[in-house]
Engineer: 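Dumping the structure here so I can ask a few things about it.
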Amino acid sequence: MDTSEAEARQRLSTALREHPEHVADRWVRLQREQAPWGSEMAEAELREEADALVDQLSSALRSDMAAERIVTAHAGLRQAVVELSLRRARGGAAPTAIALAVLALKEALLETVQRETHDAASLYSAALLINRVLDAAGALSFETYVEGREEIIRRQSRQLLEVSTPVVRLWDRVLAVPLVGTLDTSRTQVVMENLLGAIGADEAQVVIIDITGVPTVDAAVAHHLMQTVNAVRLMGADCFISGIRPSIARTIAQLGIDLSAIVTRATLSDALEAAIALIAAPAHRTVSPAGR
């Protein structure tokens, strides 16, 4: 750290320590004036954010961390920026608006430093320091927003998958999974997790995977079905596949996919009838895959 930067840090740290209320008030006003950065938030919320960020920034500047690393390396300052970004993202603010709100703190800081010194060189050094620190803060707020949105999208996608792949109890110890749409790797994983959990909870002996709503069955879909069937069998339950329409049967035959080891039925009702018969049979006898 050179002498000019050290002096700028000392000057900025002193201004923040001696005039935190002025910096926070000025930042809140700037956000109010420069809508929509802070126009949708209550002033009390803006002031709470400002107080937290100013306090952590003052603490970070008193450390020996490099200016470029202060925002990401100082735990308190990083947390303050992340919380600000997440709070505003939940409120519906755009990522650019959040980043610009953080960058508006530059003007408030520079005005406060300017009140303490009129030396052009000192002001220039302070401005460079403020820019480096708050540019990093703005970038972190944008990154946090993007990561937060991606997490929300992933969570919502998983919730949609779970809703679209319900495990239904059709009969005592008989479960069914009616599949609708494409069966890919992600969906297969959700089906397995939900199904295996339900097998344990219901002590199920037969599981019916109904593919009536699956538009096509190719090698990949067949592979995913076999994975699910194998997982069910490892849990000690029998697994039937229903909904084998003529077009799907032709496709499976043309692809050379071997489903001979799996009990298949044309309809869900046929599969349920076979499942009930299997459970009622003495010693839980095995149903022939080709049986009807």
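Counting begins at 1 with the first residue of the sequence. In what follows, every heavy atom counts, from backbone to side chain, and hydrogens, waters and symmetry copies are set aside.
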Engineer: List, by chain and number, the other hydrophobic cluster members for Leu128, where Ile, Leu, Val, Met, Phe, Trp and Tyr join if side-chain heavy atoms come within less than 4.5 Å, directly or indirectly.
Structural biologist: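 Besides Leu128, the hydrophobic cluster comprises Tyr124, listed by chain and residue number.
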Engineer: Would you say Asp55 and Ser58 are linked by a side-chain donor-acceptor pair, where the criterion is simply a distance under 3.5 Å?
Structural biologist: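 Per modelled atom types, Ser58 and Asp55 side chains form no pair under 3.5 Å.
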Engineer: Grab the two heavy atoms, one from Arg32 and one from Ala42, that are nearest each other, plus how far apart they are.
Structural biologist: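 Looking at all heavy atoms of both residues, the closest pair is NH2-C, 3.3 Å.
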Engineer: State the CH2-CG distance between Trp27 and Asp25, to the nearest 0.5 angstrom.
Structural biologist: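 One finds 12.5 Å between CH2 of Trp27 and CG of Asp25.
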Engineer: Side chains of Leu170 and Leu175, heavy atoms from C-beta outward: is any pair under 4.5 Å?
Structural biologist: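 With C-beta onward as the side chain, the pair stays apart.
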Engineer: Side chains of Ser63 and His74: is there a donor and an acceptor less than 3.5 Å apart?
Structural biologist: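 Ser63 vs His74: no donor-acceptor pair found between side chains.
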Engineer: Do the non-hydrogen side-chain atoms of Ile211 and Val217 ever get within less than 4.5 Å of each other?
Structural biologist: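 In contact.
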Engineer: Which atom pair, heavy atoms only, marks the closest approach of Arg132 to Ala67?
Structural biologist: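 In terms of heavy atoms, the two residues are closest at NE-CB, 3.8 Å.
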Engineer: Give me each pair satisfying side-chain hydrogen bond (donor to acceptor under 3.5 Å, both in side chains) with a member in residues 206-216, each pair once, sequence neighbours excluded.
Structural biologist: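 As it turns out, the side-chain hydrogen bond (donor to acceptor under 3.5 Å, both in side chains) pairs with a partner in residues 206-216, which skip direct neighbours, are Asp210-Thr212, Asp210-Ser242.
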Engineer: Going by side chain to side chain contact (heavy atoms under 4.5 Å, CB included), name the residues that satisfy it together with Glu83, two or more places apart in sequence or in a different chain.
Structural biologist: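 Glu83 satisfies side chain to side chain contact (heavy atoms under 4.5 Å, CB included) with Gln79, Arg87 only.
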Engineer: Listed by chain and number, what are the salt bridge (charged side-chain N to carboxylate O under 4.0 Å, His left out) partners of Asp172, not counting sequence neighbours?
Structural biologist: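 By the salt bridge (charged side-chain N to carboxylate O under 4.0 Å, His left out) rule, Asp172 matches Arg169.
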Engineer: Could you list the residues that satisfy side-chain hydrogen bond (donor to acceptor under 3.5 Å, both in side chains) with Glu147, not counting sequence neighbours?
Structural biologist: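 Not a single residue meets the side-chain hydrogen bond (donor to acceptor under 3.5 Å, both in side chains) criterion with Glu147.
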Engineer: Quick one: are Val207 and Arg233 in side-chain contact, heavy atoms under 4.5 Å?
Structural biologist: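 No, their side chains stay 4.5 Å or more apart.
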Engineer: Once rounded to the nearest 0.5 Å, what's the spacing between atom CD1 of Ile262 and atom CD1 of Ile241?
Structural biologist: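 That separation rounds to 4.0 Å.
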Engineer: Got a second to check how far Leu57's CG is from Leu77's CG, nearest 0.5 Å?
Structural biologist: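 So the gap between those two atoms works out to 6.0 Å.
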Engineer: For the atom pair CE (Met65) and OG1 (Thr72), what is the distance rounded to the nearest 0.5 Å?
Structural biologist: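 The distance works out to 8.5 Å.
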Engineer: Could you walk me through whether Ile209 and Leu179 pass the side chain to side chain contact (heavy atoms under 4.5 Å, CB included) test, one step at a time?
Structural biologist: CA-CA 7 Å; Ile209 300 175; Leu179 298 177; 3.8 Å; yes
Engineer: By side chain to side chain contact (heavy atoms under 4.5 Å, CB included), which residues pair with Leu123, not counting sequence neighbours?
Structural biologist: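 Expected list: Val113, Gln114, Thr117.
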Engineer: Supply the atom-to-atom distance Thr264 OG1 to Ile252 CD1, rounded to the nearest 0.5 angstrom.
Structural biologist: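 The distance works out to 8.0 Å.
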Engineer: Establish, from distance only, whether the side-chain atoms of Arg115 and His22 form a donor-acceptor pair under 3.5 Å.
Structural biologist: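 The answer is yes; a qualifying pair exists.
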Engineer: Mark yes or no for whether Ser125, through its side chain, and Ala121, through its backbone, hold a donor-acceptor pair below 3.5 Å.
Structural biologist: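 Pair found, side chain donor or acceptor close to backbone of Ala121.
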Engineer: How would you list, by chain and number, every residue that makes a side chain to side chain contact (heavy atoms under 4.5 Å, CB included) with Asn131, sequence neighbours excluded?
Structural biologist: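 Only Lys106, Asp135 meet the side chain to side chain contact (heavy atoms under 4.5 Å, CB included) criterion with Asn131.
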Engineer: Could you pull out all residues at least two apart from Asp51 that satisfy side-chain hydrogen bond (donor to acceptor under 3.5 Å, both in side chains)?
Structural biologist: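 Expected list: Arg47.
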Engineer: Check Pro166 against Pro178 and note the closest heavy-atom contact, atom names and distance.
Structural biologist: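 That would be O-CD, 3.4 Å.
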Engineer: Can you check side chain to side chain contact (heavy atoms under 4.5 Å, CB included) on Met226 and Leu259, steps first, answer last?
Structural biologist: CA-CA 8 Å; Met226 289 301 299; Leu259 297 182; 3.9 Å; yes
Engineer: With side chain to side chain contact (heavy atoms under 4.5 Å, CB included) as the test, would you mind laying out the steps for Leu86 and Arg90 before giving the verdict?
Structural biologist: CA-CA 6 Å; Leu86 292 177; Arg90 286 192 292 267; 3.8 Å; yes
Engineer: Would a hydrophobic clustering, with Ile, Leu, Val, Met, Phe, Trp and Tyr connected at side-chain separations under 4.5 Å, put Ile208 with Met192?
Structural biologist: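 Different hydrophobic clusters.
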Engineer: Kindly compute the distance separating CG (Leu61) from CZ (Arg11), expressed to the nearest 0.5 Å.
Structural biologist: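 Going from CG on Leu61 over to CZ on Arg11, the span is 13.0 Å.
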Engineer: Please indicate whether Glu111 has more than 12 foreign heavy atoms, meaning atoms of other residues, nucleotides or ligands, lying under 6.0 Å from its CD.
Structural biologist: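 Counting other residues, nucleotides and ligands, CD of Glu111 exceeds 12 neighbours.
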Engineer: I need the minimum non-hydrogen distance between Tyr145 and Ala89, along with the two atoms involved.
Structural biologist: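 Distance-wise, the nearest heavy atoms are CD1-CB, 3.4 Å.
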Engineer: Any side-chain heavy-atom pair from Arg88 and Glu49 closer than 4.5 angstrom?
Structural biologist: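 Answer yes - side chains close enough.
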Engineer: Can you tell me if Ser141 uses its side chain to pair, donor with acceptor, with the backbone of Gly138 under 3.5 Å?
Structural biologist: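 Yes; judged by distance alone, with no hydrogens or angles, the pair exists.
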Engineer: How would you list, by chain and number, every residue that makes a side-chain hydrogen bond (donor to acceptor under 3.5 Å, both in side chains) with Arg69, sequence neighbours excluded?
Structural biologist: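 None.
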Engineer: Mind checking side chain to side chain contact (heavy atoms under 4.5 Å, CB included) for Leu140 and listing every partner two or more places apart, or none if nothing turns up?
Structural biologist: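 For Leu140 the side chain to side chain contact (heavy atoms under 4.5 Å, CB included) partners, ignoring immediate neighbours, are Val71, Arg78, Val81, Val82, Thr144.
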Engineer: Check whether any side-chain heavy atom of Leu46 lies under 4.5 Å from a side-chain heavy atom of Gln31, and answer yes or no.
Structural biologist: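 Result yes, sub-4.5 Å side-chain heavy-atom pair found.
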Engineer: Could you tell me if the side chain of Leu12 sits less than 4.5 Å from the side chain of Leu109, heavy atoms only?
Structural biologist: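 Side-chain contact under 4.5 Å: yes.
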Engineer: Keeping Asp258 on the side-chain end and Ser260 on the backbone end, is there a donor-acceptor pair under 3.5 Å?
Structural biologist: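 Checking the backbone N and O of Ser260 against the side chain of Asp258, a donor-acceptor pair under 3.5 Å is found.
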Engineer: Applying side-chain hydrogen bond (donor to acceptor under 3.5 Å, both in side chains), can you list everything that pairs with Thr14, at least two apart in sequence or on another chain?
Structural biologist: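 Thr14 satisfies side-chain hydrogen bond (donor to acceptor under 3.5 Å, both in side chains) with Gln10 once adjacent residues are dropped.
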Engineer: Quick one: list whatever passes salt bridge (charged side-chain N to carboxylate O under 4.0 Å, His left out) with Glu107, sequence neighbours left out.
Structural biologist: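 Expected list: Arg26.
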Engineer: Do you know the tightest heavy-atom contact between Val28 and Ala50?
Structural biologist: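 Shortest heavy-atom contact: CG2-CB, 4.0 Å.
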Engineer: Could you tell me whether the side chain of Glu33 reaches within less than 4.5 Å of the side chain of Leu30, counting heavy atoms only?
Structural biologist: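 Yes; the side chains approach each other to less than 4.5 Å.
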Engineer: Would you name the heavy atoms of Ala219 and Leu255 that are closest together and state the gap between them?
Structural biologist: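 Answer, listing the atom of Ala219 first, then Leu255: N-CD1, 3.8 Å.
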Engineer: Do Val133 and Leu110 sit in the same hydrophobic cluster, where Ile, Leu, Val, Met, Phe, Trp and Tyr count as joined when their side-chain heavy atoms come under 4.5 Å apart?
Structural biologist: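 Same hydrophobic cluster.
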Engineer: Do Trp171 and Leu272 come within less than 4.5 Å of each other through their side chains, counting heavy atoms only?
Structural biologist: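 SC-SC contact between Trp171 and Leu272 confirmed.
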Engineer: I would like to know whether Arg265 and Glu273 meet side chain to side chain contact (heavy atoms under 4.5 Å, CB included); could you show each step before the answer?
Structural biologist: CA-CA 10 Å; Arg265 293 292 185 269; Glu273 182 180 351; over 6 Å; no
Engineer: Are more than 12 heavy atoms, taken from residues, nucleotides or ligands other than Gln227, located less than 6.0 Å from that residue's CD atom?
Structural biologist: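 Yes.
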